[in-house]
Every structure is written in C-alpha cells, then in structure tokens.
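Order of listing sets the numbers, starting from 1, for every ligand and every atom in it. Here the structure is a predicted model, which is why all the values come from computation and not from measurement.
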Amino acid sequence: MSSIGLAVIGAGYWGPNLVRTAIATPALQLEWLCDLDEKRAQAVLGRYTTVKATESYDRVLADPAVAAVAIATPVATHFDLVRAALEAGKHVLVEKPLTSSVAEGAKLAALAERSGLVLMCDHTYCYTPAVRRIREFIRAGEIGEVQFVDSVRINLGLVRSDVDVLWDLAPHDLSILDFVLPEDVRPVAVAAHTGDPIGTGRACLGYLSVWLSTGALAHMHVNWLSPTKIRTTVIGGSRRTIVWDDMNPAARLMVHDRGVDRIPGDSLTPDDRRQALISYRIGDMQVPALPEREALGAVLSEFASAIAEHRPALTDARAGLRVLELLEAASRSAENEGHRIPVNMEAGN
Ligand SMILES: NC(=O)c1ccc[n+]([C@@H]2O[C@H](COP(=O)([O-])OP(=O)(O)OC[C@H]3O[C@@H](n4cnc5c(N)ncnc54)[C@H](O)[C@@H]3O)[C@@H](O)[C@H]2O)c1
C-alpha cells in the first residue's frame with residue numbers, strides 16, 4: 001500500500017499529538033502542518049523536517065499530494081474546515097466533537113457519503129485496548145445484560161473559552177457508550193445538570209444521565225475543577241461487572257463475577273411475588289491482560305485503512321452524529337433545570 005499524503009490542521013494542544021503519531025504511521029505521509037499561527041506550526045515541527053508549515057488552508061487543499069486532512073482546531077471551526085476539505089476531494093479525520101450542532105454534523109455526514117470520502121471522528125478512547133476489550137466483553141454477552149454505567153471523568157482541567165465541560169469532556173464518555181453497547185441498545189432520553197461555581201460564564205462541571213432502551217441507566221460526571229484526577233467507569237451487567245480505572249495501569253480493567261439477580265417469580269404465589277426476590281452473587285475478580293498501546297496510533301491506522309479499503313471508519317460521521325444528538329439534548333436539559341429530554345436515535349454501529 002503506498003502511503004497516503006496527510007495534512008494536520010491545528011498546532012495547538014492536540015494537533016502536535018496528531019503530528020507525532022502521523023510521522024510514526026507508515027501508511028501515512030505527513031506533508032503539511034497548517035495553523036493560523038504559522039510560527040506555532042514551525043515550532044511544533046522543529047528545524048530538521050521535510051514537513052511544510054503554513055497558515056494557508058487553501059494552499060494545503062490545493063496540493064495534489066494531500067489526499068487526507070486531520071483537523072484539530074476549535075469545535076466552532078470544524079464545520080467550515082471539514083466541508084472545504086470534502087469539497088476539495090480530501091478524506092477527513094476530525095477531532096471530537098464532530099461539529100457544534102446536529103444540523104451541521106448531518107450535512108457533513110451526507111456530503112461525505114455523497115462524495116465517497118471517509119469522514120472519521122477522532123473518538124480516541126474507542127481505540128484504547130481497554131475500551132476495545134470492554135466492547136468485546138459486552139458484545140459477546142460475557143457480562144450479560146447491561147444494567148448500569150457509571151462514569152467519572154474529573155480533573156483540574158483547562159477551562160476552555162469556546163465550549164463548556166459537557167461539550168469538552170462528555171464526548172469521550174458518550175462515544176465510549178455508543179461504541180461498547182450492543183447494536184440493538186440505544187439511548188432514549190437524556191438529562192443533565194451543570195454548574196459554574198467559579199463564575200466563568202460556562203459550565204465547569206456536569207452530571208449527565210442517559211436512559212437506554214433496555215431500561216438501563218448510564219450516568220456521567222465530567223468536571224474541570226477537581227484537584228484529583230479520576231477516570232473510572234463501572235459497567236454493571238446481569239452476569240458480571242466491569243470496573244475500568246484508566247489511572248491504574250497495573251489493572252486498568254477488573255471483571256467482577258458479582259452481581260445482583262432477581263429470581264423469576266412466575267411460580268410463586270402473589271404474596272411471595274410482592275416481596276423483592278433478590279439474590280446476591282459474590283465470585284472471583286479477574287484482571288485481563290491488556291497491551292499498553294497509544295490509542296492515537298490506532299486512530300490514524302484505522303483512518304488510513306478506511307481510506308485504502310473504501311469503507312466507513314469504525315468511528316465514522318454517523319457515530320459523531322449520535323454523540324452530537326446526546327450533547328444537544330444534554331445542553332437543552334441543562335438549560336431547562338435538568339428536565340428529561342427524549343432522543344430518537346438510530347441504533348449504534
Ligand atoms: N481526542 C482527544 O482526546 C482530544 C484532546 C484534546 C482536544 N481535542 C480536540 O481537539 C480540537 C482542538 O483542541 P485543542 O485543545 O488542540 O485547541 P487549541 O486551542 O489548543 O488549538 C487549536 C489550534 O487551531 C488553530 N486554528 C484555529 N482555527 C484555525 C483554522 N481555521 N485553520 C488553521 N488553524 C486554526 C489555532 O491557531 C490553534 O493553534 C478540539 O476539537 C478538541 O475537542 C481532542
């Protein structure tokens with residue numbers, strides 16, 4: 001396979017990670033790094049490089065050596081930049097969230113599909129060995145039916161000037177949920193409460209609930225103000241429970257053979273049935289061995305493979321759109337004192 005000419009757009013916080021990873025990806029040939037601040041792009045590349053720095057996006061899109069772009073600019077710029085790239089016939093990897101609204105995201109998804117181009121969303125966590133293993137566990141039925149998901153993603157984070165904490169951090173948890181749930185399980189409603197206790201003018205902490213079509217409930221806590229960094233997700237199943245602690249490299253995943261069962265009450269008298277028929281299982285705990293691999297390498301490999309194989313990427317624009325549906329509903333809920341907002345979503349991938 002000959003390598004695919006790539007340009008990275010955005011040399012701020014995240015763009016340099018794409019640059020470093022693209023250089024280490026054999027299927028890609030990094031040609032350009034573009035930023036409105038060309039000096040910043042030059043500083044990221046250093047002196048000893050053949051990769052070109054520019055402030056001109058038009059110049060990048062006009063270069064026939066560029067078949068694909070990877071966009072790491074602020075969310076509000078995604079729509080225009082992605083659209084221009086697709087119209088120029090380039091494949092696109094765009095950072096999360098896909099765009100600032102469902103309407104914009106839907107236009108881009110349709111444009112990419114009409115043009116036969118790959119439009120992939122960088123849902124980075126879906127490419128971690130831990131999340132891949134969680135997806136395998138759930139989809140193989142090994143934890144049984146998902147009963148609850150409880151996720152905490154809090155740390156002392158950068159208070160962003162363009163988006164609130166829901167739009168900054170919750171895309172991670174929502175994209176993970178979308179990725180790991182069985183295909184026939186989908187969100188049906190969302191509620192969110194947010195807070196801005198230091199008066200920044202935007203939410204710095206948020207609590208988000210997502211009801212699933214099976215009756216299960218997922219809850220996410222995202223927060224920029226916590227001095228301790230916690231990244232833990234518990235996925236409770238009818239057979240087993242997975243605990244994912246991303247801050248614990250020695251045991252990122254723990255699978256507990258523990259759970260709570262309801263004993264079927266069909267053969268019981270109405271009086272007995274009225275009582276809670278609950279039994280608790282206490283079994284072993286396993287720590288699956290996981291490779292220590294940087295997710296971004298897998299993101300860029302998947303982007304290159306999807307282009308070469310003319311297929312949608314694992315986290316395509318449709319996955320990005322499903323995340324946007326939930327984010328928009330969450331914002332609407334937060335503006336309405338946490339009211340439950342129904343969502344009508346297609347099934348996941
Ligand atoms: N996948 C992840 O884990 C992850 C982590 C952090 C950020 N992100 C995402 O990456 C994106 C960028 O975030 P960031 O923290 O790097 O932002 P940032 O503000 O640090 O950097 C953005 C850069 O884009 C440049 N830029 C803005 N408009 C441009 C344009 N029209 N053309 C070229 N360059 C332009 C700016 O000059 C700046 O250097 C966001 O979508 C964010 O959500 C993803």
Test of ring centre spacing under 6.0 Å for Y207 and H193
no

Looking only at heavy atoms of H123, does any of them come nearer than 4.0 Å to an atom of ligand 1?
no

Among all protein non-hydrogen atoms, which one is nearest to [atom], and what is the separation to 0.1 Å?
atom: atom 21 (O) of ligand 1; answer: G12 CA, 3.2 Å
atom: atom 28 (N) of ligand 1; answer: L36 CD1, 3.5 Å
atom: atom 16 (O) of ligand 1; answer: W14 N, 2.8 Å
atom: atom 26 (N) of ligand 1; answer: T73 CG2, 3.8 Å
atom: atom 27 (C) of ligand 1; answer: P74 CD, 3.5 Å
atom: atom 3 (O) of ligand 1; answer: H172 CE1, 3.4 Å
atom: atom 17 (O) of ligand 1; answer: R160 NH2, 3.3 Å
atom: atom 20 (O) of ligand 1; answer: Y13 N, 2.9 Å

Donor on one side chain, acceptor on other, W32 and D63, under 3.5 Å:
yes

Is a side-chain donor-acceptor pair under 3.5 Å present for Y125 with R132?
no

Which of the numbered atoms in ligand 1 are under 4.0 angstrom from any heavy atom belonging to [X]?
X: D122; answer: 1 (N)
X: H78; answer: 41 (O)
X: G10; answer: 24 (O)
X: T124; answer: 1 (N), 2 (C), 3 (O)

Below 3.5 Å, N or O to N or O, backbone or side chain included: is there any such pair between [X] and ligand 1?
X: E95; answer: yes
X: D37; answer: no
X: K96; answer: yes

Evaluate the side-chain proximity of [Y] to [X]: yes if any heavy-atom separation is below 4.5 Å, no if none is.
X: H78; Y: T73; result: yes
X: L98; Y: V323; result: no
X: H221; Y: I154; result: yes
X: P187; Y: W211; result: no

Which is it for I9 and ligand 1 at heavy atoms under 4.0 Å: side chain, backbone, both or neither?
side chain

At a non-hydrogen distance cut-off of under 4.0 Å, which region of D35 contacts ligand 1 (side chain, backbone, both, or neither)?
both

First locate atom CG of L169, then atom CG of D173, and finally report the distance between them rounded to the nearest 0.5 Å.
8.0 Å

Taken to the nearest 0.5 Å, the spacing of I307 CD1 from R311 CZ works out to 10.0 Å

Set out, in order, the CA-CA distance, both residues' side-chain angles and the distance that settles salt bridge (Lys or Arg N to Asp or Glu O under 4.0 Å) for D316 and R318, then state yes or no.
CA-CA 5 Å; D316 62 1; R318 297 281 154 198; over 6 Å; no

Side-chain (D122) to main-chain (T124) donor-acceptor, under 3.5 angstrom:
yes

